[in-house]
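The structure appears right after this line, and notes come after that.
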Amino acid sequence: MPVLTELADAVILGDPARVGALTRQQIQAGVPPKTILDDGLIAGMTVVGDRFRVHEIFLPDVLLAAKAMYAGMDELRPLLVRDGVPSIGTVVIGSVRGDLHDIGKNLVGIMLKGAGFDVIDLGHDVPPEKMVQTAQEQGAAVIGMSALLTTTMPAMGEVVELLRARNLSGTVKTVVGGAPVSAEFAREIGADAYGFDAGNAVDVVKDLVGRR
Amino acid sequence: MRPLLERLAAGEVLVGDGALGTMLFERGLPPGEPPESLALTRPAVLEEVARLYRDAGADMLETDTFGGSPLRLALHGIESRTEAVNRAAVQAVRRVAEGRAYVAGSCGPSGRLLEPYGDVSRDAVSESFRRQMEALIAAGVDCVCVETMTDLAEAQLAVRAAKAVSPGTPVIATMTFDPTPRGYFTIMGTSVAAAAAGLAEAGADVIGSNCGNGIEHMVAIAREFRRASTLPLIIQANAGLPKTVAGRTVYDETPAFLAGKARELVAIGVSIIGGCCGTTPEHIRALRAMVDGVRR
């Protein structure tokens, strides 16, 4: 079995020690870091995301795979920076102001990282101003917002408004999600997209940055 | 009142209450405020909602303590008020329930993922549940209701915490399942059969499911529980799944629809039938009428 396939499998199985070792081995063998990332780590996480989507595996499997992927990323990151390899985009994510639920949002973050995005996770109860400011400072292409409560959903509209007020609507796209959120709600507040689950969120963010 | 478990053992079917959170938001709970804070600031609102459900015919009223474990309250910086919050919430419902309905101390998930998936240890979660259970039981609940659990290990910690505090207090334990092509599983991968076995092993007296599904999936889930366990069962269904209509979140399963399908729960042998998200006093009134009309 090719080593990169083995690496992808180690991600799928959630084995951080093996992922770290195989990544180092590939680096030493002179494989370009970008290839190790794409054909090893991201390839593995893509399989994990697909299996989770069809309920073949569950949240614990995804979380363990993510931990394994991070073990490989820790090895690769300095080299990717050195080589000036850009990520496919930066996404700022957070649960909106007043909302303290973040398990769903965390899952979206894992899936986005697994797809090769740089993810800046602002945590939960994030004020609209902070989301917009961070996106601006970090040159993020997308802000991803999560809400689990119907009562906190309006804060999503505030972020969209704030971007509009600062003439950032075209530069920084918005995607919303969470149990009570719908495509109709996204349209209503003028968000650019709606993700119905973590896997779908990755697809729509890829669409937003033109990478699919 | 006769002890809860005696009535269930005798084959009675009891009616639970309906959604709490939406009722509280309608009564002015500010967005972002934890619903549990009302126990301290506006207990009269909790009494009012409990009275609506009692008058609709609920035999069991849940306390506003779903997020009342210190790990959850810590998100709002009020974990030091754990005892006061839980006590006041129980007292509010007790003033309404006295003699006419059981007071069930609600206990939801910690909101954290247990190691190795997350960053919180079993000991920390266990201690958090212990503190809440101690407060609920000291305040005089008739039973506790561990609910909306998706991680069996966490649900077991909550059940064991209650039994360690008071072996004689009945423990209801319910989990939330998603329909998948291979059957019903929690997002953490627990099947109905595994939940039934695991909750019983931890010492739960009544088991079942709440939230996450409308009544039709709940009927199928109840069947799986019945096949897997001889314990009394409880089902608290949502009024469907949330939809947005003209900017408002709505649950569109009507009281008549819920009660009509819930008839099948009685046939399966479910002992307690109530509502979760989106259900109202009208849903509970319809369930009451259905249960009263069915003789097993």
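Atom set for the values below is all heavy atoms of this structure, side chains included, hydrogens, waters and symmetry mates excluded. Within every chain, numbering begins at 1; the chains are lettered A, B, ... in the order of the sequence lines, protein sequences first and strands thereafter.
- Residue M188(B) holds its CE atom at 6.5 Å from CG of L63(A), rounded to the nearest 0.5 Å.
- For P109(B), no part sits under 4.5 Å from any heavy atom of chain A, backbone or side chain.
- Of the listed residues G98(A), P60(A), A66(A), the one with more heavy-atom pairs under 4.5 angstrom with chain B than any other is P60(A).
- There is no contact between V96(A) and chain B, counting heavy-atom distances below 4.5 Å.
- The greatest number of non-hydrogen atom pairs below 4.5 Å with chain A, out of T22(B), L75(B), L29(B), is found for L75(B).
- For the atom pair OG1 (T150(B)) and CZ (F58(A)), the distance works out to 11.5 Å, reported to the nearest 0.5 Å.
- Shown here for G111(B) and I103(A), the closest heavy-atom pair between the two residues is O-CD1, 3.9 Å.
- When all heavy atoms of R182(B) and E56(A) are compared, the pair lying nearest together is NH2-O, 3.1 Å.
- Only the backbone of T186(B) comes within contact range of chain A, judged by heavy atoms closer than 4.5 Å.
- Counting only heavy atoms from C-beta outward, the side chains of Y117(B) and L64(A) approach each other to under 4.5 Å.
- The neighbour count for R81(B) CZ, taken as heavy atoms of other residues, nucleotides or ligands under 6.0 Å away, does not exceed 12.
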